[in-house]
Amino acid sequence: QVQLVESGGGLVQAGGSLRLSCAASGGTFSSYAMGWFRQAPGKEREFVAAISGYGGRTYYADSVKGRFTISRDNAKNTVFLQLNSLKPEDTAVYYCAAGRILRTGENAYNYWGQGTQVTVSS
């Protein structure tokens with residue numbers, strides 16, 4: 001069983017930056033692909049970014065490509081999401097997730113964190 005705890009969310013002005021962290025415990029971290037998803041009010045949860053177990057492959061949603069960067073530190077069992085050039089439409093609860101296979105679909109992920117709120121003001 002893998003437990004995931006996100007942190008780093010907050011309120012930021014448009015154009016600003018945030019760095020989200022997701023600390024994992026309870027499993028062999030490097031054996032899991034990690035993903036970030038987000039859910040805005042009134043909308044379905046959507047894929048943001050994903051990274052393979054050793055960080056060699058990454059995927060991004062088109063809406064965040066060039067602005068967000070996913071990375072991981074397997075020695076610290078942590079995955080990060082650097083959010084730059086934030087826009088009001090990035091406002092959402094951001095979730096990290098762990099799965100055995102690197103995919104963009106949330107069905108591929110078995111373990112989820114509780115989420116962290118990101119609010120971008122205009």
Side-chain angles (χ1 to χ4, degrees):
Q1 192 78 4
V2 176
Q3 293 82 42
L4 303 172
V5 179
E6 302 96 334
S7 61
L11 173 64
V12 64
Q13 289 188 331
S17 297
L18 283 173
R19 189 192 197 202
L20 306 184
S21 300
C22 173
S25 61
T28 303
F29 185 63
S30 59
S31 69
Y32 289 93
M34 298 298 296
W36 285 96
F37 293 77
R38 67 186 181 186
Q39 187 167 21
K43 295 187 177 182
E44 294 186 352
R45 190 160 56 189
E46 63 175 3
F47 169 77
V48 175
I51 188 167
S52 58
Y54 288 95
R57 290 183 295 160
T58 56
Y59 293 153
Y60 294 95
D62 288 343
S63 59
V64 307
K65 206 170 291 184
R67 299 189 299 122
F68 292 6
T69 302
I70 189 171
S71 61
R72 65 190 297 160
D73 184 340
N74 287 349
K76 296 182 179 179
N77 289 356
T78 303
V79 62
F80 304 98
L81 186 67
Q82 179 68 41
L83 290 65
N84 295 332
S85 302
L86 281 161
K87 305 175 182 180
E89 51 263 43
D90 294 318
T91 295
V93 177
Y94 283 71
Y95 299 90
C96 73
R100 291 295 189 180
I101 301 173
L102 180 64
R103 290 287 188 271
T104 61
E106 61 178 78
N107 289 339
Y109 295 87
N110 307 104
Y111 305 102
W112 293 81
Q114 82 289 348
T116 186
Q117 177 71 46
V118 171
T119 303
V120 184
S121 64
S122 57

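The figures here come from the full heavy-atom set of this structure, side chains too, leaving out hydrogens, waters and symmetry mates. In this text the structure is predicted, and so the values were computed from the model without any measurement.
- A donor-acceptor distance shorter than 3.5 angstrom exists from the side chain of Thr116 to the backbone of Gly9, with no hydrogens or angles considered.
- Hydrophobic clustering of Ile, Leu, Val, Met, Phe, Trp and Tyr side chains at less than 4.5 Å, counting indirect connections, unites Ile51 with Tyr111.
- No path of Ile, Leu, Val, Met, Phe, Trp and Tyr side chains, each step under 4.5 Å between heavy atoms, connects Val93 with Val120, placing them in separate hydrophobic clusters.
- Classified by interplanar angle (parallel below 30°, tilted 30° to 60°, perpendicular above 60°), the ring pair Phe37/Tyr109 is perpendicular.
- Between the side chains of Thr119 and Gln117, a donor-acceptor pair is found at a separation under 3.5 Å.
- With hydrogens and angles left out, the side-chain atoms of Ser31 and Arg100 include a donor and acceptor closer than 3.5 Å.
- When the options Glu6, Glu46, Glu106, Glu44 are evaluated for a salt bridge (Lys or Arg N to Asp or Glu O under 4.0 Å) with Arg38, the one that passes is Glu46.
- Judged by distance alone, with hydrogens and angles left aside, the side-chain atoms of Asn74 form no donor-acceptor pair with the main-chain N or O of Phe29 at under 3.5 Å.
- With hydrogens and angles ignored, the 3.5 Å screen pairs no side-chain donor or acceptor of Ser30 with any backbone N or O of Tyr54.
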Practice task
Evaluate side chain to side chain contact (heavy atoms under 4.5 Å, CB included) for Gln82 paired with Ile70, printing each intermediate quantity in order.
Solution key: CA-CA 6 Å; Gln82 179 68 41; Ile70 189 171; over 6 Å; no
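- Geometrically, Arg19 engages Phe80 in a cation-pi contact, judged by NZ or CZ lying under 6.0 Å from the ring centre and within 45° of the ring axis.
- Of all the heavy atoms in Leu4 and Ala98, the pair that sits closest is CD1-N, 3.7 Å.
- With a 6.0 Å radius and a threshold of 12 heavy atoms from other residues, nucleotides or ligands, Lys65 has its NZ atom above the threshold.
- Residues Met34 and Phe47 do not share a hydrophobic cluster, clusters being chains of Ile/Leu/Val/Met/Phe/Trp/Tyr side chains in contact below 4.5 Å.
- Below 30°, between 30° and 60°, or above 60°: for Tyr95 and Trp112 the angle between ring planes is above 60°, a perpendicular geometry.
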